[in-house]
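Data first, discussion second: the structure below is written as structure tokens.
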Protein chains: 2
Amino acid sequence: MSQTFRHPDILKIAQREGKVTVEGLAEHFGVTLQTIRRDLTELAEANKLERVHGGAILPSGTTNIEYDERRNLNQTAKLAMARACAAQIPEGCSVFLNIGTSTEAVARELLHHRDLMVVTNNMNIANILVDNTDCQIIVTGGALRRSDGGLVGNITIDTIRQFKFDIAVIGCSAMDEDGDLLDFDIQEVGVSQTIIAQSRKCFLVADHSKFSRTAPARIASMRALSTVFTDLPLPRELAERCATWGTQIVLVD
Amino acid sequence: MSQTFRHPDILKIAQREGKVTVEGLAEHFGVTLQTIRRDLTELAEANKLERVHGGAILPSGTTNIEYDERRNLNQTAKLAMARACAAQIPEGCSVFLNIGTSTEAVARELLHHRDLMVVTNNMNIANILVDNTDCQIIVTGGALRRSDGGLVGNITIDTIRQFKFDIAVIGCSAMDEDGDLLDFDIQEVGVSQTIIAQSRKCFLVADHSKFSRTAPARIASMRALSTVFTDLPLPRELAERCATWGTQIVLVD
DNA sequence: TCGATTTCGAGCAAAAGCGAACGTAAACGA
DNA sequence: TCGTTTACGTTCGCTTTTGCTCGAAATCGA
């Protein structure tokens, strides 16, 4: 990783002006456009700047691109799963909605439910359900994770322990053939486990892409779930296990 | 996904004005109408704006009219007070920011502070400071109040008790002549008291309109404050008391 | 309701900007 | 001293952006 003496200067100018142009910087430093382009490419790779045609701007921050993409992934399936899941959430009950794009889709489908008490550790969900005035929203505390608006950490777990939910809606990063729910993020696992422990029923919303993926941390067995909402049939072995455990599978589309 | 210099600027203008016109932007940037149309289309596709004939507006929904009005009230004074307050918050410290439009203004002035740890019970502040990637954000739990994005209740207080802040920034509904801080909302009073108890220094941000108003619930004496940021001199008697207590008054504008 | 006017979006060509490949020169280390 | 590394400049296709034109759609006024 090369560090030229220009990089700090470029960042300083960007902070002051809000943006920098390739041409302007080339003149300022007395080098060619190509050299500046190389600088900007490196700074963009280090997430210090965001590259645009003709120059660069400060990182937008406002939204996380990766997360936005994830939200748009497989959108129709997510919508259908969310609708099916929301249909099984009766009005007037207490619900926990966990971090994740699938659970956010469920939140959108709950916009017209009445008399809910929704607890969530997901800032996006709180923002979505603000529009449903017939629903009490409780936000768990925690450290805000910029990548997805999630609240995580001990504070989160402590808050969740103070409740008992009728229904919890969770997502996961992957499901393995033994029927274990897996996640990429250790921090999130602790939260998910606490959620399951504090709920009478637990719904999993996860599309088929989770079947063929794996992740390092184990949340729980699917035995702990009441219902799984998904968009393609589970692998046969897994489906049989779920049948034994009494875990219902709801297939949409 | 394409990006241009104009996108962040357009969003900023839209946030300030509430709307943008194709023609106005074309003139502002010195490009043709078609180019602006393309920009607006892209921003609308990314859900940053909502397209209308002749221009674009902010995405509908989440706005609370009454609260928006309150936010716009006495805007210049708020900005100046916020700037003065932020100037007294050193980088690298831990700060609590309470509910209120004035504290939100302070949050906006903290967007370029580095290495802060910000704890807040105000969803709006969390949303604002997401853009400062050099700042850890911790959200207290609590029941979400739709009117102002505040988190209140026992959960909030319990979370706050787990911290000790270098600086707390609070607002209030009124200040009476005896030097007491008052609030309309009983729930919020408990939170404010806890905040004061858990902080080494406490800053109050309150414009002159609070002098001539009254409210039913007592938060604390101004003796508990380190500094008051305001826009007009305090009534003489109150100023004298503050001098005795060692409560500094910072007058802006 | 029906035209007149404005605004919109698609298609196309010109211009601006881009990255890759290659060459040169200075700095560096043994 | 020589080979290696690193930074920078130059050239050249390729991509993206932009402005223009034109028919369609939306809005406005009567």
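Residue numbers start from 1 in every chain, and the chains themselves are labelled A, B, ... in the order their sequence lines are given, proteins ahead of strands.
Across every non-hydrogen atom of A84(A) and V252(A), the tightest pair is CB-CG1, 3.6 Å. The two residues H208(B) and L232(B) come nearest to each other via the heavy atoms CG-CD1, 3.5 Å.
Note: CZ (F5(B)) to P (dT16(D)) measures 17 Å, nearest angstrom. Look at CG on L33(B): it is 13 Å from P on dT21(D), rounded to the nearest Å. Between F29(B) atom CZ and dT18(D) atom C1' there is a gap of 15 Å when expressed in whole angstrom units.
Judged by distance alone, with hydrogens and angles left aside, the side-chain atoms of T120(A) form no donor-acceptor pair with the main-chain N or O of A126(A) at under 3.5 Å. In terms of modelled atom types and a separation under 3.5 Å, the side chain of N132(A) and the main chain of L110(A) share a donor-acceptor contact. Of the possible polar contacts, none joining the D178(A) side chain to the D180(A) backbone as a donor-acceptor pair under 3.5 Å is found.
Of the side-chain N and O atoms in T35(A), none sit less than 4.0 angstrom from OP1 or OP2 of dC8(D).
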Per-nt protein contacts along nucleotides 7-13 of chain C (heavy atom under 4.0 Å; B base, S backbone sugar-phosphate only, - none) come out as SBS----
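When only modelled atom types and interatomic distance are considered, S102(A) and D207(A) share no side-chain donor-acceptor pair under 3.5 Å.
Residues E109(A) and R83(A) are paired through a salt bridge, judged by an N-O separation under 4.0 Å between the basic side chain and the carboxylate.
Recorded end-axis angle for the helix from dT1(C)-dA30(D) to dA30(C)-dT1(D) stands at 50°, based on five pairs per end and rounded to 10 degrees.
The side-chain hydrogen bond (donor to acceptor under 3.5 Å, both in side chains) pairs that include a residue from residues 19-34 of chain A are T32(A)-T35(A), where partners are two or more places apart or lie in different chains.
The side chain of R6(B) lies closest to dT18(D) when the candidates are dT18(D), dC20(D), dC8(D).
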